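Below is one structure, written out as structure tokens, with a few remarks after it.
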Amino acid sequence: MNPGQNDIIILMVVAPLFASIIVPIVGWRAKKLCYSLTILAVLISLFSSLITAKTVMNHGPVQYYLGGWKPPWGIEFYIDHLNAFIAVVVTFISFLGVIFSKTNVENDLPNKEGAFYSLFLLLITGLLGIVLTGDMFNLFVFLEVASLSSYALIAMGEKGAMYASFRYLLIGTVGASWYMLGVGYLYIVTGSLNMANLSELLPALYQSKTILVGFAFILFGVGIKMALFPLHAWLPDAYTYAPSAVSAMVAPLMTKVMIYVVIRVIFTVFQPEFTVDMIQATSILSWFGVLAILFGGIMALSQTDFKRMLCYIIVGEIGYIVGGVGIANATALKGAIFHILNDALMMVCLFFVAGMVMYRKKGHRISDFKGIFREMPFAAIIFTVGALAVIGVPPTGGFFSKWYLLLGGIEAKHWGFVVALLISTLINVALFARVFDKGLYVHGHGSDHSSESTDHSSGTLVQKTPLSMWIPAVIVILAILLAGIFNQAILKNIVQFAVPSGL
Amino acid sequence: MGDLAKEFVTTYNYWVYIILMMIGLYAVMVKNNLVKKIIGMNIVQTAIILFFISIGAKRGATIPIIAHGHNGGEHAVHAADYINPLPHVLMLTAIVVAVATLGVALSLAIKIYQEYGTLEEDDIRTQTREE
Amino acid sequence: MKAFALIIVILCAGLLIYGTSDFPPWSDPESPASTHVSPYYIEHTIEDTSVPNIVTSVLADYRGFDTMFETIVIFTAGIACFFLLRVTKREDHESRLYHHLVTGVTLRIKEGGKLPDESEEFRRVDTEWVPYSLIIKITCRLIVPFIMLFALYVIAHGHHSPGGGFQGGVIIGAAMILFAISNDLRAAILRLSEKMATFFCSAGVFIYAGTGLLCLLLGLNFLDYGALAKILFTDPVTARSHGILAVEIGVGIAVMGVVVSIYYNLSSAGKHDEGL
Amino acid sequence: MTGMFGIEYRPLSAVLLPIIVAFLILLSNKRPNLRESWTLLGSVLLFLTVSSMSPIVLAEGPIQWTWFNLLPNIDFAFNVDAFGLVFATTSSSLWILVSLYSIGYMRSLKEHAQTRYYFCFALALLGAIGIALSSNLVTMFVFYEILTLSTYPLVAHEESPEAISAGHKYLAYLLGGGVFFLIGILMTYLLVGTTDFNAHGILSPALGPASKLTLQVVFFCFLLGFAKAAWMPVHSWLPSAMIAPTPVSALLHAVAVVKAGVFGVIRIVCYIYGIDLMQELGLGLALASIAAFTIVVANLYAIGQDNLKRMLAYSTINQLSFILIAVALLSPMAVAGAMLHITFHGFMKITLFLCAGAITAISGKKAISEFKGLGRAMPITMTAFLIGAFGMFGAPPLAGFISKWHVVLGAVQSGQLVFLTIILIGSILDVVYFCPVIINTFFGKMPETETLKGDLEEKVEVYSEKVERLETKRPIYYFMIIPLAITAVFSIIFCILPNTFSIYDLVQMAVKDIFGGM
């Protein structure tokens, strides 16, 4: 393949990278320009990821040698269907997140636009790097780029965010260190850091205790970062107090990208015969998934704060995906990978709603949602779509990924997972019914029933939510619906091939 | 028992780093003062750096700078003569990461001190709970 | 909590020690780590990059992409510290000390009091001010240039001896910090302003990434310094060597900027007036 | 027939119409008259669309229309067959009447949030029509959930704590059931790789690989999934949901929601399992037993009720189980009876509900014991009520007679005399609990303080504080009376001419498909 042909791949990472360098300097002179530059960079990234995905769909996996060095010695980007898909998800959600961030930054972080957008772009760069790289240690570096920027971004939220972010930093650093330790254990017995190379070298060493421990620590480390129960303790605080633009972006993406890493490690670096058959890591993982689903659901029920409730829903959703990965048959894995897309979309949607309510009502407790169907009918529609997707009502995308997860669970006779999924569906109904009730029923018993007039006041308020908030929200609900309606197109063209061949 | 002794002799330096790392981990989890936690975190990172560096060691080899610099073509270079450079490179990165994390952690600690007036974790917890 | 933590720690330690039992013996030349990938670097560094310091060639070339993001990590930390700490709105709720140079009197301005004009006669001093030892001040001022000179050597000579961009950058940064400590923060900021430091951060990273991009524009892969041969009019191997030098300089500038910027923010809690 | 434009698009337009109407309603929320015109217009158009399909279906067989591919082997597709049309015709025709009635009811009570009300109503109709026309289980599931969710705000419309908790109960039962429905679909899909309805059932090939027990368990999953059919013990959402405004109770709890449940069960029994497999697995007997139990218990509950709407709710439960038992008999006549009863019971029960609503709206009374003398005060309403009540019992010349006659014949045909007895007992009990109402209204004397004379003007005197409102209410009052009169008339027409709207032909055709000729 001629070297210039795949240059577009590297743009995905380099565009936000260059923008992040330039933005702080530009911020001194023209604050407005930061926003446009950021959008431009992410847009380039988005296009690049789409083109890459198309290339992968047409020609199979693509490699990009950085510095022109061949893999075991140099670093490569290795893009197959799995990470092409995740990269599109990441760039797409980031694009929406950046558009959404405008008002939040202007209002809450005056004079720091440059630094904010720079960190935002670095976060995107880091996440994309994690997704694209084919080198275990390079992944760690990207992980740190993404983590450091997310610590800083989260810390600039409401009161309490500092401490939450600090805890996240401690736990996250330990997690990243464990990941690095695990990589070290693999390195000491194989001498390689390249994923593809490792997967060739490892089968000979599957009996080694070192490999086992290395694998375990990689999983622990990544487990912390993706907040898999019981390593999730940092997540609710961090994402609850973060600025709404940040949580709308970090919450859906960070955990999903880490799940991608898990899939990579379990099915590419190690082969299914090791992880699934020899040490049964996946079946253990699937039970953690079950626990996460149940725990996330129950904890979410007891929250009075909307964002915190969403955080526990995320914990549960991670359980869905991890469970699907753990079941480790093609159907469930298809569902899990597809759910990464759906979950990212619906979480970004709900966090957008939280941001809009925060913007209008200066709070994100469930009680702040009182009457939103009248006052902010637009946000209410978005909320409804997001909620339906989380519950898994067709024709939203959430239903179809759940369908595959359930189908896979039944095929594998993993009844615990199936039951947990179904219970969690019901819990989600209860969760959103609460918010829904608050938003929809404002009259209550005994209040005046002649309130036909209040129906009329809703029109003028719509304009108050700025354009930069509702454009991404509209895009995201359309995406949720389209992901559902065209799920076959997505599954047949890309997700299906993302499933490792060994299953 | 003999096995254990032999194992200890061949891998004792790894054991040392493990102990060091566990000290750090314990500090992160148990210490009440945030700065002590940060120190614990740094100990964990340093321990891992030690671990990687010891991977690079090679008996009978010297530092990875090729003697007689540019005349390398005339002198055959034997891999056995130089220690493994890769872990050193990796650890340069890891050190930088550790420093960066430390910087951010300290900034956060300063902000927390400004917000709560203390760096003791239980004080912060009581303050958050009272709200 | 303590017991719980202890249990976790012991479990982890047990697991890790269990893992060491299949390690190759320490410093064994036949261990996989020493025989699989690394020999290639040792044996090919001269013919590939013409850099005898293998660590440098691996760092800046073979795994140059890693290192670029390492620089980005440090850049991120700099921006993050600025983002977290920098106080952009002046809150004049603290008392200040001013030194009247003509009379030698030290004035204390109470909270909210009127501040003296910006003139040569008054100089602000730290509230917890102790008169500097002249010896320290002068000595530091004398050695700072030499430290910086040494740093340049470290950066430039990274090809042949231990050293390189990170080390050199840190040394320059340390020299600035030494200056700031021995005088005061404002004096340091007068010489290297905050914006300048930030500019150095960006510029350094830009040099690194820009070199990579240049290679891309010249028709080879990102960071493939061999492409620079076309504009340097040399053979690709020498071009690689020069490319490595370019990125090392970039790293040095970036690290220096970040170290100084982090110091400014941390030592004054983002106010940039009174430091350590 | 291809020359006729757009036959294949009619199922789609039937589904799109309610959506369009729903959004037009949302857009015109500031202009009540416009909003309600949309509702009426939409309902009439929908009815015309649906009924225009029946001659085609009768002549040429099912109309199929595939939209897009949902899952491997599962399309989002519509298949308009005879049985689906029975249900679609019923719901769409009743939507017109209930829309009319709603206008009267909602305006006379000056209810709040009327836009939401009409919006959700249109969506609920979308659900019902979708269920009727869908060609496979997954498509059906989509509409099933739409129906559940869109009716939730209707149930909790009053927004009082009781209403909201009734709404929660409603959601819990129906969505909880939906989960089981989903399992059933998944299992079906896993076993045979498709979920398309087929008149001979699709599950029979699965009998080999899967054990009988699996198929039996799956059947119960489906049954739990159709908690909308309100069989005992998953019935209790229905009486609580009666807190909704009466038109809601009328359409949703006499037609759309509960009939969707029963419709679903019939789809499962006849089109997924198939008659032969049902017999082989002994599931007919099981279903019949559940239904028989429900009939007896629901009747006993109904007798004890004083609140008219609650009593009607139990009566609905009873009649639904009557349909279930009819299906469970698995004989052609009985299945035909069950299908007929979906329509006929819909018309009769809606008459009763509309009457109950009219009584409440005009006299403010809800308890049966207060109804003394109302028969003379509101003659049309109470006559309609009488017709409905006797129709429940199955007395000729009312629609209920036809369907019950078929079922009784069917029971004889299949030789299940035990269930025949229960059906008969159930019918007799129907009269028993309607007796107090009839006696009170027609033979009871109005208490001294209230002397309603059956004339609207005089009623005004009694409720003097409402004089002004009633003056303006007069046309609105007719909005309420006319629909219930129409449904009562139809209850009679259906007995005399069972083939109105081609219902009888459609049922015959469906039964012929299932049993391969009677």
Side-chain angles (χ1 to χ4, degrees), chain A residues 331 373-374 377 381 384 387-388 391-396 399-400 402-404 406-411 418-419 421-426 428-430 432-434 436-437 440-459 484-489 491-492 496, chain D residues 26-27 29-32 35 67-76 106-107 109-116 120 138-146 148-149 152-153 156-165 167-168 170-172 174-176 178-180 182-183 185-187 189-191:
Chain A
T331 319
F373 277 78
R374 251 166 233 287
I381 292 172
T384 313
L388 292 183
I391 295 169
V393 177
T396 58
F399 170 74
F400 296 96
K402 230 176 229 183
W403 167 274
Y404 282 101
L406 281 170
L407 212 59
I410 296 174
E411 262 176 34
V418 174
V419 170
L421 261 184
L422 297 174
I423 291 177
S424 123
T425 305
L426 291 180
N428 284 339
V429 172
F432 287 109
R434 265 197 321 164
F436 206 70
D437 289 351
L440 194 54
Y441 309 134
V442 282
H443 292 281
H445 198 56
S447 64
D448 65 324
H449 275 204
S450 58
S451 48
E452 189 73 0
S453 56
T454 46
D455 267 0
H456 305 264
S457 59
S458 51
I485 291 171
F486 295 108
N487 75 82
Q488 280 308 297
L491 281 160
K492 275 187 186 149
Q496 189 179 331
Chain D
L26 263 198
L27 288 179
N29 71 334
K30 286 173 215 161
R31 280 183 268 165
R35 176 183 69 199
W67 199 346
F68 51 82
N69 187 236
L70 271 183
L71 295 160
N73 280 331
I74 300 175
D75 291 326
F76 192 81
M106 298 302 275
R107 289 197 176 182
L109 290 182
K110 299 212 164 171
E111 284 282 349
H112 60 106
Q114 293 196 18
T115 304
R116 181 179 83 203
C120 291
V138 178
T139 315
M140 192 177 187
F141 182 71
V142 174
F143 289 105
Y144 192 84
E145 298 283 290
I146 289 176
T148 309
L149 292 170
Y152 165 61
H157 185 85
E158 204 181 297
E159 300 185 6
S160 61
E162 305 92 71
I164 290 179
S165 80
H168 287 173
Y170 177 80
L171 264 193
L174 295 192
L175 286 177
V179 165
F180 284 98
L182 184 60
I183 301 181
I185 298 173
L186 281 164
M187 290 303 296
Y189 183 65
L190 274 177
L191 288 172

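Letters A, B, ... mirror the listed sequences (proteins, then strands); counts begin at 1. In this text the structure is predicted, and so the values were computed from the model without any measurement.
- For the atom pair CZ of A:Phe436 and CG of D:Leu149, the computed distance is 8.0 Å after rounding to the nearest 0.5 Å.
- When heavy atoms are compared at a cutoff of 4.5 Å, D:His157 does not approach chain A at all.
- With contacts defined as side-chain heavy-atom distances shorter than 4.5 Å, the pair A:Trp403/D:Leu182 qualifies.
- Both the backbone and the side chain of A:Ile485 come within contact range of chain D, each with at least one heavy atom under 4.5 Å from a heavy atom of that chain.
- Of the two parts of A:Lys402, neither the backbone nor the side chain holds a non-hydrogen atom closer than 4.5 Å to a non-hydrogen atom of chain D.
- Residue contact with chain A, scored on non-hydrogen atoms closer than 4.5 Å, involves the backbone and the side chain of D:Leu175 alike.
- Heavy atoms of A:Phe486 lying under 4.5 Å from chain D are absent altogether.
- With a 4.5 Å cut-off on non-hydrogen atoms, D:Leu186 touches chain A through its backbone and its side chain both.
- With rounding to the nearest 0.5 Å, the separation of CG in A:Asp437 from NE2 in D:His168 is 3.5 Å.
- Put simply, CG on A:Leu407 and CE on D:Met187 are 9.5 Å apart, with the number rounded to the nearest 0.5 Å.
- Looking at D:Ala163, neither its backbone nor its side chain comes within 4.5 Å of chain A, counting heavy atoms on both sides.
- Between D:Phe141 and A:Val393, every side-chain heavy-atom pair lies at or beyond the 4.5 Å cut-off.
- Counting heavy atoms from C-beta on, the side chains of D:Val142 and A:Phe399 never come closer than 4.5 Å.
- Looking only at heavy-atom pairs under 4.5 Å with chain A, the residue among D:Tyr152, D:Phe76, D:Phe143 that has the most is D:Tyr152.
- Contacts between A:Leu426 and chain D at a heavy-atom distance below 4.5 Å involve the side chain alone, from C-beta outward.
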